[in-house]
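In what follows, a single structure is set out as structure tokens and then discussed.
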Amino acid sequence: MPVLLEVDNLQTHFFTPEGVIRAVDGISFDLSAGETLGLVGESGSGKTVTALSILRLVPPPGRIVEGKIEFAGQDLLKLTPSELRKIRGNRIAMVFQEPMSALNPVLTVGSQVLESVRLHQKVSRWEGRDKTVELFKLVGIPSPEIRFKAYPHQLSGGMRQRVMLAMALAGKPDLLLADEPTTALDVTIQAQVLDLLDKLKKNLGMSVLFITHDLGIIAEHADRVAICYAGKIVELAPVRELFARPAHPYSQGLINSIPKMFSGGKDLKLSALPGTVPDLKNLPPGCRFEPRCPRALPLCRKYDSEQKTIRPGHLAACINPLNQ
Amino acid sequence: MEHSSNNLLDVLNLKKYFPVQTTFFSGSRDLVHAVDGVSFGIQPGETLGLVGESGCGKSTLARLILRLIEPDSGEIRFAREDFLGKRGEELRRLRRKIQIVFQDPQSSLNPRMKAGEIIGEPIKIHSLAPSRAARKEMVLDLFRQVGLPPDSYSRYPHEFSGGQRQRIGIARALALNPELIVADEPVSSLDVSIQAQILNLFSDLKTRKNLTYLFISHDLRVLSWISDRIAVMYLGEIVEIASTPELVKKPLHPYTQALFAAVPIPDPSTRREKILVPGEPPSPIRPPSGCRFHPRCPYAFAPCKSTPPPLKPVENNRLVACYLY
């Protein structure tokens with residue numbers, strides 16, 4: 001599969017009065033056509049800022065300081081605002097975690113999706129209306145003609161997220177950035193929306209950058225996974241490989257912190273990682289994970305390890321990796 | 001259930017409806033059936049997990065058990081005493097034995113009080129310490145038990161991370177030496193690695209202090225790890241109760257099956273075809289007739305629509321409310 005998106009050494013920093021927050025500090029990855037890449041990490045790891053950087057929607061005082069984001073052969077960071085508008089929402093779309101705050105509460109959901117349809121396709125109001133109803137059908141909204149006239153507050157969380165998806169699909173995107181799209185939903189509804197995303201991806205041939213903190217979702221829905229920690233990708237691997245043979249101690253720590261349901265006998269203790277994420281304004285000089293790392297060497301305190309290939313297609317930034 | 005039990009807590013046919021005004025002028029009142037005839041018991045030293053999706057009434061149930069709100073009907077027995085009948089000093093005495101840990105430590109800790117004062121307050125109110133110095137000593141001991149550094153004493157909640165704030169919430173609950181702790185989604189707002197730390201803390205404290213837990217969560221992975229038994233709640237009712245290994249191995253109620261099927265399993269080698277339940281939970285204002293799950297249930301047949309199935313025993317000690325069994 002050809003590479004659709006290539007992010008190279010992306011640095012997005014926030015210039016606050018208290019100091020510079022290096023939210024994204026040298027992130028590189030690529031995404032092939034039709035692929036789902038999971039971007040996993042805890043809060044403050046830089047996953048959302050990465051997605052916002054791709055769309056160049058980083059809010060001030062944040063700024064993309066360095067790097068290259070190549071999408072279908074164009075460097076997004078070099079485009080003029082009007083060129084960018086042709087891509088944003090059209091070829092690259094995004095869905096957010098909380099659909100209620102992403103929708104306008106005083107407009108019907110139909111008119112909001114219609115707006116986005118007409119923005120991206122040259123159609124009349126009536127054609128646009130039909131297309132909107134079709135999109136509602138596509139994302140599994142029951143009685144779409146009636147729901148067209150509903151206001152966001154009249155819909156459940158799951159239905160609102162489907163509306164957001166319909167809006168994102170209006171421009172027939174090649175790439176969907178999904179930022180924790182099911183985190184606010186109940187489990188049975190989450191399962192429905194994830195199932196829908198899988199089907200849409202398959203039928204429309206989209207690539208998906210799936211941002212989540214839930215490794216379970218990644219295991220079930222992603223092709224490859226990138227683990228973020230404090231603004232960097234510490235490990236990048238095919239999903240099966242990551243779970244079978246994690247190389248970075250943080251990845252292993254994350255996997256082990258999830259309570260195993262079908263383990264049979266009861267584990268007496270979860271193997272939790274000690275400590276907390278470092279302060280992004282005041283990062284340790286060496287490896288960012290060193291203070292919490294069970295495998296840290298004296299060297300880790302001095303040098304930040306570069307990403308290196310552990311096995312073909314499997315990268316990790318660790319000088320003392322596991323499962324070598 | 002069993003009246004003459006050795007249970008630490010018995011909840012019998014507990015009901016709580018909340019009025020909602022539908023139209024301003026007519027003033028006609030609908031009722032949200034938040035908790036609608038719930039019964040269960042918890043043995044001393046046991047952890048009962050309570051799972052359900054938002055709006056199923058699990059938090060209302062927690063508040064009822066603490067008597068933070070009063071039920072419309074039903075009974076709560078704590079150590080065989082009638083908790084709902086207690087007033088004044090008697091009530092204060094029993095209340096000390098039941099404490100709660102809330103989901104969001106950010107909003108359940110007073111931002112203008114220092115951590116030491118927050119944890120010391122219940123000790124002060126119930127005059128458990130002979131002097132100010134003794135109280136401070138007790139608070140410092142609680143810090144140690146929950147793994148907070150002693151210098152936390154004079155720091156404010158905003159100076160702590162989410163996980164540490166939840167430790168403060170736990171220390172506050174432990175301050176009165178309770179027997180039962182109701183934990184309402186205590187790890188839901190935490191990052192995975194911190195969640196594991198707090199779950200370990202709950203588990204340690206339980207063995208060390210011989211505690212009994214009612215552990216409420218929407219996350220079956222968390223509950224399967226921490227609970228001895230699990231109760232499944234749907235639209236104000238308990239639909240199934242079973243020991244954790246049995247429930248995990250073989251969920252009986254179709255809703256329990258749906259919940260388990262929806263849990264993402266962090267193991268790509270077991271990717272499976274999922275049987276998804278269609279639709280969404282209906283409104284608790286006008287719950288469906290008969291079995292409340294029947295509109296979404298793949299196995300529903302005639303009686304499910306008319307008469308609600310009772311929660312009845314099947315196999316060894318498990319209870320399920322479903323006509324299939």
Side-chain angles (χ1 to χ4, degrees), chain A residues 40-45 140 142 156-159 182 184-192 194-195 212-222 225 238-244 250 253-277 292, chain B residues 51-56 147 160-164 187 189-201 203-204 207 218-228 244-245 248-249 255 258-272 274-281 283 296:
Chain A
V40 182
E42 302 182 274
S43 26
S45 60
S156 66
M159 280 306 144
T182 60
L185 307 176
D186 273 322
V187 268
T188 57
I189 309 300
Q190 162 169 295
Q192 293 172 7
L194 289 172
D195 184 54
T212 179
H213 66 279
D214 190 333
L215 273 173
I217 293 180
I218 291 302
E220 293 186 346
H221 299 276
V225 53
V239 167
R240 274 168 179 270
E241 168 90 1
L242 182 98
F243 283 87
Y250 178 63
L254 271 189
I255 295 169
N256 289 346
S257 340
I258 309 169
K260 308 271 175 303
M261 205 157 52
F262 299 106
S263 62
K266 196 171 166 181
D267 319 323
L268 285 177
K269 226 169 159 59
L270 289 170
S271 49
L273 288 164
T276 45
V277 197
R292 303 175 76 186
Chain B
V51 70
E53 298 181 281
S54 41
C56 75
F160 294 91
S161 66
Q164 284 178 316
V187 295
S189 62
L190 305 175
D191 271 323
V192 220
S193 71
I194 310 300
Q195 177 175 310
Q197 293 173 7
I198 299 295
L199 285 173
N200 279 337
L201 177 63
S203 161
D204 286 350
T207 9
H218 67 279
D219 189 338
L220 270 173
R221 291 181 293 202
V222 166
L223 283 188
S224 314
W225 183 77
I226 201 150
S227 330
D228 301 307
T244 304
V248 171
K249 212 182 327 154
Y255 179 61
L259 277 183
F260 273 102
V263 175
I265 302 299
D267 180 2
S269 58
T270 62
R271 278 197 195 190
R272 63 225 145 110
K274 291 196 165 194
I275 304 134
L276 299 179
V277 166
E280 303 184 352
S283 155
R296 300 173 76 191

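The sequence lines fix the lettering, A, B, ..., with proteins before strands; numbering per chain opens at 1. Given the structure is predicted, the values throughout are model-derived calculations rather than measurements.
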To the closest 0.5 Å, what do you measure between [atom1] ([X]) and [atom2] ([Y])?
| X | Y | atom1 | atom2 | answer |
| --- | --- | --- | --- | --- |
| Leu254(A) | Asp191(B) | CG | CG | 9.0 Å |
| Ile189(A) | Glu280(B) | CD1 | CD | 4.5 Å |
| Asp267(B) | Ile255(A) | CG | CD1 | 9.5 Å |

For [X] versus [Y], what's the shortest heavy-atom pair and its separation?
| X | Y | result |
| --- | --- | --- |
| Arg296(B) | Thr188(A) | NH2-OG1, 3.4 Å |
| Pro259(A) | Trp225(B) | CB-CB, 3.6 Å |
| Asn200(B) | Ala272(A) | ND2-CB, 3.9 Å |
| Ala262(B) | Val187(A) | CB-O, 3.5 Å |
| Leu276(B) | Ala191(A) | CD2-CB, 3.5 Å |

Set of side chain to side chain donor-acceptor pair (under 3.5 Å) partners for Ser271(A), sequence neighbours left out: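 For Ser271(A) there are no side chain to side chain donor-acceptor pair (under 3.5 Å) partners, ignoring immediate neighbours.
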
Flag side-chain contact, heavy atom, 4.5 Å: Gln190(A) against Pro264(B):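 They are in side-chain contact.
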
With a 4.5 angstrom heavy-atom cut-off, is it the side chain or the backbone of [X] that approaches chain A, or both, or neither?
| X | value |
| --- | --- |
| Pro278(B) | backbone |
| Val192(B) | both |
| Ser161(B) | side chain |
| Leu220(B) | both |

Backbone N/O of Gly275(A) and side chain of Gln197(B): donor-acceptor pair under 3.5 Å: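 Yes; judged by distance alone, with no hydrogens or angles, the pair exists.
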
Under 3.5 Å: donor-acceptor pair, side chain of Glu42(A), backbone of Ser193(B):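 Answer holds: yes.
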
For Asp219(B), salt bridge (Lys or Arg N to Asp or Glu O under 4.0 Å) partners two or more places apart: Arg221(B)

I'd like to know which of [options] tops the heavy-atom pair count under 4.5 Å against chain B.
| options | value |
| --- | --- |
| Asp195(A), Leu194(A), Asp214(A) | Asp214(A) |
| Leu242(A), Thr276(A), Leu215(A), Ile258(A) | Ile258(A) |
| Pro274(A), Gly216(A), Gly41(A) | Gly216(A) |

Contacting moiety of Ile218(A), where chain B heavy atoms sit under 4.5 Å: backbone

Interchain contact, Ala222(A) with chain B, by part (heavy-atom threshold 4.5 Å): backbone

Test side-chain contact (heavy atoms from CB on, under 4.5 Å) applied to Pro268(B) and Glu220(A), Arg240(A), His221(A), the passing residue: Arg240(A)

